[in-house]
Colleague: 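First the structure, then my questions, so here it is.
Atoms considered below: every heavy atom in the structure, side chains included; atoms not considered: hydrogens, waters and symmetry mates.
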Amino acid sequence: MTDDLLDRPTVHALLADGATVRIRPAAPGDHEQLQGFYEEMSAENLRLRFFAPSRRSAVQAADRACARPHPGYRALLAEADGRVIGIAEYDTGGEEDVAEISIAVADGLHHRGVGTLLVEHLASAARAEGITTFTADALSENHEVLRLFADLGLRTERRFEGPEARCVIHLDEDDDAYLTAVEARGRAADVASLLPLLRPAAVAVVGAGRTPGSVGRAILHHLRSGGYTGRLLAVNPRAASVLGVPSHPSVAALPVTPDLVVVAVPAAAVPGVADECGRAGARALVVVTAGLDHTQAHALLTACRTYGMRLVGPNCLGVSHTQPGLSLDATFAADHPRPGTAGVAVQSGGVGIALLDGLSRLGVGVSSFVSLGDKFDVSGNDMLQWWESDERTDLALLHLESFGNPRAFSRTARRVTRRIPVLTVDAGRTDAGRRAAASHTAAAATRTMTRGALFTQAGITATRSVGELLETAALLHSQPLPEGSRVAVVTNAGGAGVLVADACAEAGLSLPPLTPATIDELLAVLPDGAAVGNPVDATAAVAEEQLTECVDRLTRCPGVDAVVVALVPTAVAAATGDDLVRAVTAGPGRRSRPVLAVRLDQDRSVTLLPADGGGVVPSYAEPQAAARALAHAAERAAWLRRPAGVVPALDDVETARARTVVAEYLAAHPDGGWLDPATCADLLACYSVPQTPWAWAETEDQAVLAADRLRGLDGRVVMKAHWPGLLHKAHQRAIHLDLRGEPQVRAAFRDLATRFCGLMTGVVLQPLAARGAELLAGVVQDEVFGPLVLFGLGGTATEVLKDHAARLAPLTDHDVHDLLTAPRCAPLLLGADADTPVDLEELEQLLLRLSRMATDLPQLAEADFNPVLATPAGATVLDARVRLLPRRPQDPYLRRLR
């Protein structure tokens, strides 16, 4: 067992009822408390744990758990309120990959998920140590522990032998089923923990001052005027009441225990108030105070973890939640949000105010709003799970400047977006201060690309501004999704139709020609002089009834997925009394395809027009806004139509050997570094990555012999200089191509040895490769997002043309397909201009193996395969560079609070 596994940090996690527990390794100093934990158990609980109610067993169990840590044994404790409430252990007993486990939970605390949570953390630690199987013996009548094992989500076998049951739990199989089970438990616990925050029976405001301009007073006023029906309390030692709400000198003096406390006091006072709230039994805090220093921030979070309080903020706008019988508005926004069905979570208070105002103005309204602020605890992931479960939210809007656990967020978002649209503002797209990257892959991997991969794979609709977010939300809230990206445009002014057509084309939508039958139908209803191409110019003479019939027929036209109606006010319509807008809003219930309006005289960027028979229709002031929103809707529809991807199984992968290669390299190079050619080739061979034949030479004579053995195309070879840290051989002119015969090989070696004297440690020789497409495949291990796989055009032009796509590992079959088809060079691979397509199956395998390598090896900081030669006969890595760093393996899906 490695030291870093022994030193795993203490974490906090949620039980099934939303309570917080502390998970940590047992230590020698825990002996007295652990012995007491066992001695306080009932005789029946002891019998089920030790098979006999012996008090001596308590001493022996404490001795074992608190002994000096040793390889193959691990004990984890669960603590609440400063006392041990559970323990789980495993012991390999000298075996390499099998360990026996045992679990004990304090009396009165069963059925709260203590044991399950401990086993999850124990399994994570065991997997990191190479353990693949847990075994456990239990009395056949111990139904609770047998059910615990059966419900883990792992493949479990049971064999009954008289009064005992032998359980075998496989840790290395059914991984996705296990993650799904863990997510379901985590979601239930998360939602339970947020109930005091969003559905509190009693709320206290600390810092509700008498000064009209104080934030605390504004929040108290919002709670009162917003119609909060629970118990409302104020804390102010210098006032008997504030705004008619009874005030008390401290949290401890409150007549009832508040579920939620809103803290609006100076930064220096926040830690003390948080501790007082915890002692009083509060379950959630909203800290609007900004400017906490490191010490104050640490003390605040420590108090929340110690007393099991969920925390929003600090430095936030507050929270709001609407539901029948309870209207909670604990914010200091200018107005109350309109009740509705959109869930909103933001890090920026300013963005939050803009979204609240925009959603209220549109009439969409808000189901719940959380200003995350500095996001010490409650995050966008928490809110996604809340909206997934609240049965009211049908649209989720996010503004996230940072991600605490992107991989867990991605899994949650993939699940939630199957049920409701999730939209975000892609904030922080630029990274001007990013360090100069060391390899081609790292140079291409920008934070924008990484965030884009996260959003794309999770099915999140990413917009570039708050305005675009609201424009898209209006469409998704009001209209059915289009089946595709084919748009019909109809207008009463030809110029407006042209503007809409241009905007649709620029957004990636198409305007297909209408069918002959549809053209005949339109000519029959539209006035003389109408042009019935696409766009359809109905002319200024069109009447309301005619335009209504035209729109209806277009929504039924084969090959049309959506209809955009562009209108301008005319004197003709004014004179006849026709309201052409009614043609858009007439009977949307009978239209199965989305209909949008563009009104160039509209003063707001987007509005929702009331429609006949209920419902609304979005109307946009700019054609570009309508086209962008429709393109986002089409992308969401396409994402929903595609089944969830799977990570394909791979043959000929030797993960254990690869980990040995990594461990041996890092043992010799504790600070990490770029692998030498032999070690690099060995690592790639563990994943069956196809490599061109090569040979290493340190002298001129060795180079000649190696060139003779390789026998490249027509006897030609390539010679590449090597020294630690050399990355861009072409830039350094450290490569010789097309070498024929012994004289040229000798001359090339002497040239490299002379120019790079003191640097070069040897040369790599390879056969001259055949002609083909030169591509780049690589991976960068992002500290926050995990491994990012890149693919695109390679060779010397890779950094100039920047034709790359990226997806986060592990790659599914859909992800690999997207990587191959997203770059601009994709038509060349698919056989454009009658060329023979390259071997796409081999390219897919290469990317999947690269993804697997990055997922298996967190120490892989970056890998750069450039070029990868793709031909109709296969795909081969011609040049590979791999950099390792000493990194601790982490389980991104382990249940724990931030």
Colleague: side-chain contact (heavy atoms from CB on, under 4.5 Å), that's the test. Do I87 and L76 meet it? Break it down for me.
Modeller: CA-CA 6 Å; I87 180 172; L76 294 178; over 6 Å; no

Colleague: What's the separation between atom OH in Y687 and atom CG in L846, rounded to the nearest 0.5 Å?
Modeller: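 Output value for this atom pair is 14.0 Å.
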
Colleague: State plainly whether the residues D879 and K729 are in salt-bridge range, i.e. N to O under 4.0 Å.
Modeller: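 Result for this pair is yes, salt bridge flagged.
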
Colleague: Could R187 and E183 be called an ion pair, given the rule that one side-chain N must be under 4.0 Å from one carboxylate O?
Modeller: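 No, R187 and E183 are not salt-bridged.
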
Colleague: Test your reading of the model: is there a side-chain donor-acceptor pair from T855 to the backbone of S851, 3.5 Å cut-off?
Modeller: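 Yes, because the side chain of T855 sits within donor-acceptor range (under 3.5 Å) of the backbone of S851.
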
Colleague: What pair of heavy atoms forms the shortest contact from C686 to V661, and how long is it?
Modeller: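 Looks like SG-CG2, 4.4 Å.
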
Colleague: Can you confirm whether V868 sits close enough to T876 that some side-chain heavy atom of one is under 4.5 Å from a side-chain heavy atom of the other?
Modeller: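 A side-chain contact is absent here, since even the closest heavy-atom pair is not under 4.5 Å.
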
Colleague: Pair T679, D682 - check side-chain hydrogen bond (donor to acceptor under 3.5 Å, both in side chains), show working.
Modeller: CA-CA 5 Å; T679 306; D682 193 15; over 6 Å; no

Colleague: Side chains of T133 and I169: does their closest heavy-atom pair fall under 4.5 Å?
Modeller: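 SC-SC contact between T133 and I169 ruled out.
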
Colleague: Show your reasoning for whether side-chain contact (heavy atoms from CB on, under 4.5 Å) applies to W694 and L765.
Modeller: CA-CA 5 Å; W694 66 281; L765 291 103; over 6 Å; no

Colleague: Can you tell me which residue pairs pass the ring-ring contact (aromatic ring centres under 6.0 Å, His included) test with a partner in residues 877-898, sequence neighbours excluded?
Modeller: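 Checked against ring-ring contact (aromatic ring centres under 6.0 Å, His included) - neighbours excluded - no pair reaches residues 877-898.
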
Colleague: Taking the side chain as C-beta and beyond, is there a heavy-atom pair between I103 and L122 under 4.5 Å?
Modeller: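 No - every pair of side-chain heavy atoms lies 4.5 Å or more apart.
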
Colleague: Please check if the number of heavy atoms outside R733 that lie under 6.0 Å from its CZ is greater than 12.
Modeller: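 Open: at most 12 neighbouring heavy atoms sit under 6.0 Å from CZ of R733.
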
Colleague: Determine, stepwise, if the pair M853 / V689 fulfils side-chain contact (heavy atoms from CB on, under 4.5 Å).
Modeller: CA-CA 10 Å; M853 182 168 66; V689 174; 5.5 Å; no

Colleague: Work out which heavy atom in P787 is nearest to a heavy atom in Q781; give both atom names and the distance.
Modeller: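 The answer is CD-OE1, 3.0 Å.
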
Colleague: Using 0.5 Å steps for rounding, measure from the CZ atom of F409 to the CZ atom of R414.
Modeller: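 It is 11.5 Å, given to the nearest 0.5 Å.
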
Colleague: Quick one: pull up NE2 in H814 and CG in L819 and give me the separation to the nearest 0.5 Å.
Modeller: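 Separation between the atoms: 13.5 Å.
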
Colleague: Are the aromatic rings of F403 and F785 close, with centres under 6.0 Å apart?
Modeller: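 Yes, they do, as the ring centres are separated by less than 6.0 Å.
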
Colleague: Walk me through it: do T871 and R771 pass the test side-chain hydrogen bond (donor to acceptor under 3.5 Å, both in side chains)?
Modeller: CA-CA 8 Å; T871 69; R771 293 178 61 85; over 6 Å; no

Colleague: Report yes or no: does D818 contribute a side-chain atom to a donor-acceptor pair with the main-chain N or O of D815 at less than 3.5 Å?
Modeller: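 A pair under 3.5 Å: no.
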
Colleague: Under a 3.5 Å threshold, yes or no: a donor from one side chain and an acceptor from the other, between E100 and T135?
Modeller: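 No, no side-chain donor-acceptor pair sits under 3.5 Å.
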
Colleague: So, for L808 and A453, which heavy atoms are closest and what is the spacing to 0.1 Å?
Modeller: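 What the structure gives for the nearest pair is N-CB, 4.1 Å.
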
Colleague: What's the verdict on side-chain contact (heavy atoms from CB on, under 4.5 Å) for E120 and R185, showing C-alpha distance, side-chain angles and the deciding distance?
Modeller: CA-CA 11 Å; E120 288 177 14; R185 292 190 287 266; 2.7 Å; yes

Colleague: Salt bridge or not between R411 and D176? Use side-chain N to carboxylate O under 4.0 Å.
Modeller: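 Yes, R411 and D176 are salt-bridged.
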
Colleague: Within this structure, what is the OG1-CH2 distance for the pair T761 and W723, rounded to the nearest 0.5 Å?
Modeller: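 Rounded to the nearest 0.5 Å, the OG1-CH2 separation comes to 9.5 Å.
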
Colleague: Within the distance-only criterion (no hydrogens, no angle test), does the side chain of R127 pair as donor or acceptor with the backbone N or O of L171 below 3.5 angstrom?
Modeller: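 Judged by distance alone, yes, a pair lies under 3.5 Å.
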
Colleague: Side chains of T456 and R807: is there a donor and an acceptor less than 3.5 Å apart?
Modeller: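 Side-chain D/A pair, T456 to R807: absent.
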
Colleague: Do Q859 and L666 make a side-chain contact, defined as non-hydrogen atoms from C-beta onward lying under 4.5 Å apart?
Modeller: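 Of all side-chain heavy-atom pairs linking L666 with Q859, at least one is under 4.5 Å.
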
Colleague: Mind telling me whether F134 and Y90 have parallel, tilted or perpendicular rings, with 30° and 60° as the class edges?
Modeller: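 It falls in the tilted class, 30° to 60°.
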
Colleague: For the pair E157 and R155, find out whether any cationic side-chain nitrogen is under 4.0 Å from an anionic carboxylate oxygen.
Modeller: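 Salt bridge present between E157 and R155.
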
Colleague: Just so I know, are the side chains of L768 and V717 near enough to count as touching, which here means a heavy-atom distance under 4.5 Å?
Modeller: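 No; the side chains remain at least 4.5 Å from each other.
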
Colleague: Applying side-chain hydrogen bond (donor to acceptor under 3.5 Å, both in side chains) to S102 and E89, what does each step give before you reach the verdict?
Modeller: CA-CA 5 Å; S102 60; E89 309 163 80; 3.2 Å; yes

Colleague: Pair R849, D652 - check salt bridge (charged side-chain N to carboxylate O under 4.0 Å, His left out), show working.
Modeller: CA-CA 10 Å; R849 292 176 185 280; D652 303 323; 5.1 Å; no

Colleague: Please examine the side chains of C167 and L146, heavy atoms only from C-beta on, and report whether any two atoms are closer than 4.5 Å.
Modeller: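 The answer is yes, as the side chains (C-beta and beyond) meet within the 4.5 Å cut-off.
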
Colleague: Between A730 and I735, what is the shortest heavy-atom contact and its length?
Modeller: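 Taking A730 first and I735 second, the nearest heavy atoms are CA-CG2, 4.3 Å.
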
Colleague: How many angstroms lie between atom CD of E862 and atom CG of L788, to the nearest 0.5 angstrom?
Modeller: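 With rounding to 0.5 Å, CD (E862) is 12.0 Å from CG (L788).
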
Colleague: Counting only heavy atoms from other residues, nucleotides and ligands, does the tally under 6.0 Å from CD of E841 exceed 12?
Modeller: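 No, not enclosed.
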
Colleague: For the pair T655 and D856, evaluate side-chain hydrogen bond (donor to acceptor under 3.5 Å, both in side chains) and give the outcome as yes or no after the intermediate values.
Modeller: CA-CA 7 Å; T655 301; D856 284 349; 2.9 Å; yes

Colleague: Does any non-hydrogen side-chain atom of V745 lie less than 4.5 Å from one of F749?
Modeller: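 Side chain of F749 against side chain of V745, heavy atoms only: no contact under 4.5 Å found.
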
Colleague: Got a second to check how far R415's CZ is from T412's OG1, nearest 0.5 Å?
Modeller: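 If I round to the nearest 0.5 Å, the distance is 5.0 Å.
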
Colleague: Could you tell me which non-hydrogen atom of L811 sits nearest to which non-hydrogen atom of P648, and how far apart they are?
Modeller: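 Here L811 and P648 meet closest at O-CD, 4.0 Å.
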
Colleague: In terms of side-chain geometry, is the basic nitrogen of R896 or D891 positioned less than 4.0 Å from the acidic oxygen of its partner?
Modeller: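 The answer is no: the pair does not qualify as a salt bridge.
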
Colleague: Between the side chains of D91 and R74, is the shortest nitrogen-to-carboxylate-oxygen separation below 4.0 Å, so that they form an ion pair?
Modeller: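 Not counted as a salt bridge, because no side-chain N and carboxylate O are separated by less than 4.0 Å.
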
Colleague: When you compare the side chain of C825 with that of L793, does any pair of heavy atoms fall below 4.5 Å?
Modeller: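 A side-chain contact under 4.5 Å exists here.
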
Colleague: Under 3.5 Å, is there a donor on one side chain and an acceptor on the other for D676 and H722?
Modeller: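 No donor-acceptor contact under 3.5 Å links the two side chains.
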
Colleague: If you compare all heavy atoms of A13 against all heavy atoms of H121, which two are closest, and at what distance to 0.1 Å?
Modeller: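 Taking A13 first and H121 second, the nearest heavy atoms are CB-NE2, 4.4 Å.
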
